[in-house]
Amino acid sequence: ENGTYYGGVNCVLADGDSQVFVKGGQYSVMVDYDGRIWVLNRQGDSNSRFFVTGGTFTDFNPYNSETENPVENFCVEGYATSSEVVDGHTIYTVVPPVAQVEGNYYESLHEAINAANAGGIITLLRNTAETGISVPSTQKITLDLNGNTLDLGASTLVVEGDLIIQDSTATAEPVVS
């Protein structure tokens, strides 16, 4: 779950019917194999599975893994990776989704708003802090807070289109004073 894992060609090799749950930690390998980095690797023709919900990976994207089996997403549904280049290496960090729209997951509310169709419902999946959020004049959407908090900091939510804000988990009418 935590720690640093440094391997030769693989950090974790899954074979047979194994299930590997990666929840955190830092992963890197010394060398590539056949021009590819195999930090997490499913043995060819095995029924093994990876379930990645956290961690950072050097030069290896668990969302788009190129290992012995065909290209595959090792991240649990809804999870994605963000990346940054550090000292010539791409560091991929697994991040939980912020919002969901019509079965698709997004790393930010801004991305979810841009992806929503007219009349679409954006469901906030966790507490998040974002700035510069706007609803364009072409949008007519519902933002379901889903029991979570949207922190805009010192910025303002700019609404040029139509926006309904609701909390589907609310059990009482709001108190207005």
Side-chain angles (χ1 to χ4, degrees), residues 1-116 120 122-133 144-153 155:
E1 192 167 315
N2 292 307
T4 300
Y5 304 90
Y6 190 63
V9 174
N10 298 299
C11 279
V12 180
L13 174 65
D15 197 5
D17 293 326
S18 63
Q19 294 185 345
V20 180
F21 295 85
V22 178
K23 298 179 181 180
Q26 299 175 344
Y27 300 82
S28 61
V29 295
M30 289 187 276
V31 296
D32 65 44
Y33 180 80
D34 196 25
R36 295 176 288 176
I37 299 293
W38 290 5
V39 174
L40 305 178
N41 185 24
R42 285 185 59 209
Q43 189 71 39
D45 297 323
S46 76
N47 293 318
S48 61
R49 297 273 321 266
F50 280 98
F51 299 91
V52 180
T53 57
T56 58
F57 301 83
T58 302
D59 296 323
F60 175 82
N61 185 355
Y63 189 82
N64 189 32
S65 170
E66 295 185 41
T67 63
E68 289 183 58
N69 279 299
V71 174
E72 183 177 359
N73 176 6
F74 289 163
C75 295
V76 171
E77 183 179 356
Y79 284 75
T81 54
S82 63
S83 65
E84 65 177 326
V85 176
V86 178
D87 297 327
H89 294 278
T90 304
I91 308 299
Y92 294 93
T93 302
V94 177
V95 293
V98 167
Q100 181 180 15
V101 180
E102 299 171 11
N104 296 310
Y105 296 90
Y106 299 92
E107 290 181 50
S108 71
L109 181 57
H110 178 75
E111 289 176 6
I113 290 171
N114 288 338
I122 299 169
T123 304
L124 203 60
L125 300 175
R126 63 181 171 99
N127 295 338
T128 190
E130 294 189 33
T131 58
I133 301 296
D144 181 357
L145 297 174
N146 193 36
N148 297 294
T149 300
L150 172 59
D151 180 353
L152 298 172
S155 70

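Between F57 and Y92, the distance separating the two ring centers is not shorter than 6.0 angstrom.
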For this session: Start with the C-alpha distance between L109 and L150, add both sets of side-chain angles, then the distance that settles side chain to side chain contact (heavy atoms under 4.5 Å, CB included), and finish with yes or no.
Result: CA-CA 9 Å; L109 181 57; L150 172 59; 3.6 Å; yes
For this session: Show the numbers, then the answer: is there a side chain to side chain contact (heavy atoms under 4.5 Å, CB included) between I122 and I113?
Result: CA-CA 7 Å; I122 299 169; I113 290 171; 3.6 Å; yes
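Ring-plane geometry between F60 and F74 is classed as tilted, the angle between the planes lying from 30 to 60 degrees on a 0 to 90 degree scale. The aromatic rings of Y33 and W38 lie tilted to each other, with the angle between the two planes from 30° to 60°.
Taken to the nearest 0.5 Å, the CZ atom of R42 stands 8.5 Å off from the CZ atom of F50. Interatomic distance, CD of E77 versus CZ of F51, reported as 12.0 Å (0.5 Å rounding). Here CG of N61 is found 7.0 Å from SG of C75. Values are rounded to the nearest 0.5 Å. Atom CG of N10 and atom CD of Q43 lie 8.5 Å apart (nearest 0.5 Å). Between the CZ atom in R36 and the CG atom in N41 there is a gap of 8.5 Å [rounded to 0.5 Å]. Residue T93 holds its OG1 atom at 6.5 Å from CD of E84, rounded to the nearest 0.5 Å.
Between the side chain of S18 and the backbone N or O of D15 there is at least one donor-acceptor pair closer than 3.5 Å. Side-chain N or O atoms of N146 include one that pairs as donor or acceptor with a backbone N or O of L124 at under 3.5 Å. Remark: side-chain polar atoms of R126 are paired, donor with acceptor, to backbone N or O of P97 under 3.5 angstrom. Here the side chain of N127 pairs a donor or acceptor atom with the backbone of T149 at under 3.5 angstrom. The main-chain N or O of S48 is never found under 3.5 Å from a side-chain atom of D17 such that the two would form a donor-acceptor pair.
Contact detail for V95 and S82: the closest heavy-atom pair is CG1-OG, 4.0 Å. Nearest approach of H110 to I133, heavy atoms of both residues: N-CD1, 3.9 Å. Of all heavy-atom pairs spanning A14 and V20, the tightest one is CB-CG2, 4.0 Å. Closest non-hydrogen pair, S83 versus T90, comes out as CB-CG2, 3.9 Å. The two residues S28 and C11 make their nearest non-hydrogen contact at O-SG, 3.1 Å. Minimum heavy-atom separation, D59 to H89: OD2-ND1, 2.5 Å.
Looking at P96 and L125, their side chains never come closer than 4.5 Å, going by heavy atoms from C-beta outward. Considering only heavy atoms from C-beta on, N64 comes within 4.5 Å of V71 through its side chain. Between V9 and V31 the shortest side-chain heavy-atom distance falls below 4.5 Å. Contact check for V101 versus Y106: side-chain heavy atoms found under the 4.5 Å cut-off.
No more than 12 heavy atoms of other residues, nucleotides or ligands shown are found within 6.0 angstrom of OH on Y63.
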